[in-house]
Amino acid sequence: MNIAVIGSGTMGNGIAHVFAQHGFAVALVDVSQPALDRALGTIAKNLDRQVAKGALAEADKTATLGRIRSFTTIAEGVADAELVVEAATENVDLKLQIFRELDQHAPAGALLASNTSSISITKIAAATRRPAQVIGMHFMNPVPVMKLVEVIRGYATSDETTARIMDLSRQLGKTPTAVNDYPGFVANRILMPMINEAIISLFEGVAGVEEIDTVMKLGMAHPMGPLQLADFIGLDVCLAILRVLHEGLGNPKYAPCPLLVNMVQAGRLGAKSGEGFYQYTAGSKELVVAPTFAGK
Ligand SMILES: CC(=O)CC(=O)SCCNC(=O)CCNC(=O)[C@H](O)C(C)(C)COP(=O)(O)OP(=O)(O)OC[C@H]1O[C@@H](n2cnc3c(N)ncnc32)[C@H](O)[C@@H]1OP(=O)(O)O
Ligand SMILES: NC(=O)C1=CN([C@@H]2O[C@H](COP(=O)(O)OP(=O)(O)OC[C@H]3O[C@@H](n4cnc5c(N)ncnc54)[C@H](OP(=O)(O)O)[C@@H]3O)[C@@H](O)[C@H]2O)C=CC1
């Protein structure tokens, strides 16, 4: 089965990795060749990690990489796709434009899935002439490790489309869970208020970065504290999700903390930009407290 993945950032490279590792032919599409080259480098590094752990044979790594082709245009990338998974930037206008293009260039029978964290699948589907074939296929980060796929049924998504995506998720070794289409779905409706509250706690001087993360790691057995997790997800992605929740649910409790807004405006996006609540240098993590609030 031919899969096309649109966007080769944090999530797109993981989604391509997992499909290719399970024997699917993958066309990976991004707007620039350097972005694609970086993504292929990341996939190779993550496969090496699996080889080093004895979870994957060297020959399987080579075969996995051999199943991924890269493209800089949607028209070329989706020409023979049976399923497209869109994992481009979390921006509604961008996604609507991409889905119009996908509808134009992908074969008529192809399913169109979005990995969006929060944006309405119903709205995305309405930009196409095949809304019954449009669905949310929400992988978790890091994709090769996390077991969940949140499957989001839009207003017009057919039972057949849902069944096929649930089945495909199982073929990837994941556990699919079907939910309905409301802002943030289930995962981020619950996760993002916790992350936002952690940022508000820092903003108000309740505690420092390390203290907040330590409380949640050791007190609640979370693998990462909420501030480290925000850096890992990307602060821009967290802000975009909170804005969808705030606008879509109309409740002030979802209003993003001003510190998060400031950090994104300053280009401090977390691990991917080298600095967020922590500083990142080639694999190590160093604490950076937002200068505005140091000493509070
Ligand atoms: C925003 C959204 O819309 C939705 C989301 O995705 S929200 C984010 C959801 N994700 C989370 O909550 C992740 C929370 N963090 C964790 O689970 C863990 O910290 C983690 C799995 C990321 C890392 O775990 P860790 O124990 O600190 O590090 P580490 O020992 O290096 O990794 C654990 C395992 O994952 C593997 N791994 C980690 N990152 C990997 C990657 N990118 N690719 C492949 N394997 C990876 C490691 O090789 C290791 O494998 P083994 O268990 O076989 O040894
Ligand atoms: N980060 C996370 O933990 C999770 C994110 N998601 C969701 O996954 C999606 C992707 O997020 P994430 O990977 O973090 O984001 P990233 O910013 O890491 O990657 C997005 C990629 O999409 C590219 N892109 C932008 N426009 C286009 C286009 N028109 N065609 C093809 N590629 C394009 C970007 O290129 P450029 O940089 O050049 O703009 C970038 O490489 C979002 O919808 C997000 O909400 C879902 C689960 C978890």
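Because the structure is predicted, anything quoted here is derived from the model rather than measured. Remember, it's 1-based here, ligands and their atoms both numbered in the order they're listed. Positions are given from 1, in the same order as the sequence printed here.
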- Nearest option to atom 50 (O) of ligand 1, as decided by whichever heavy atom of M224, K217, K53 sits closest: K53
- Option set M146, H17, M140, K45, criterion heavy-atom distance to atom 11 (C) of ligand 1, minimum: M146
- In the protein, which heavy atom is nearest to atom 41 (O) of ligand 2, and how far is it? D30 OD2, 2.7 Å
- Task: Among all protein heavy atoms, pick the one closest to atom 3 (O) of ligand 2 and tell me residue, atom and distance.
- Result: N141 ND2, 3.0 Å
- Enumerated ligand 1 atoms positioned under 4.0 Å from heavy atoms of N141: 6 (O), 8 (C), 9 (C), 10 (N), 11 (C), 13 (C)
- Query: Looking at atom 32 (O) of ligand 1, would you say a protein heavy atom lies below 4.0 Å from it?
  - Reply: no
- Task: For V237 and ligand 1, answer yes if some heavy atom of the residue is under 4.0 Å from a ligand atom, otherwise no.
- Result: no
- Message: I'd like to check atom 29 (P) of ligand 1 in this structure: does the protein have a heavy atom lying under 4.0 Å from it?
- Response: no
- ligand 2 and T10, any nitrogen or oxygen pair closer than 3.5 angstrom? yes
- Message: With a cutoff of 4.0 Å, is H138 in contact with ligand 1, counting heavy atoms of the residue only?
- Response: yes
- Query: Hey, is atom 32 (N) of ligand 2 under 4.0 Å from any protein heavy atom?
  - Reply: yes
- Query: Could an N or O of ligand 2 be found under 3.5 Å from any N or O of N115, whether backbone or side chain?
  - Reply: yes
- If you compare V31, L28, L269, I119 by their heavy atoms, the one closest to atom 36 (P) of ligand 2 turns out to be V31
- Message: Below 3.5 Å, N or O to N or O, backbone or side chain included: is there any such pair between I233 and ligand 2?
- Response: yes
- Query: Among A88, S114, S117, which residue places a heavy atom closest to atom 42 (C) of ligand 2?
  - Reply: A88
- Message: Using a strict threshold of under 4.0 Å (side-chain N to carboxylate O), is an ion pair present between D181 and K123?
- Response: no
- Item | Verify atom 26 (O) of ligand 1: protein non-hydrogen atom under 4.0 angstrom away | no
- Query: Tell me: protein heavy atom nearest atom 26 (N) of ligand 2, and distance?
  - Reply: L94 CD2, 3.6 Å
- ligand 1 to L191, heavy atom cutoff 4.0 Å, flagged ligand atoms 7 (S)
- Query: Which residue supplies the protein heavy atom nearest to atom 11 (O) of ligand 2, what is that atom called, and how far is it?
  - Reply: M11 CG, 4.1 Å
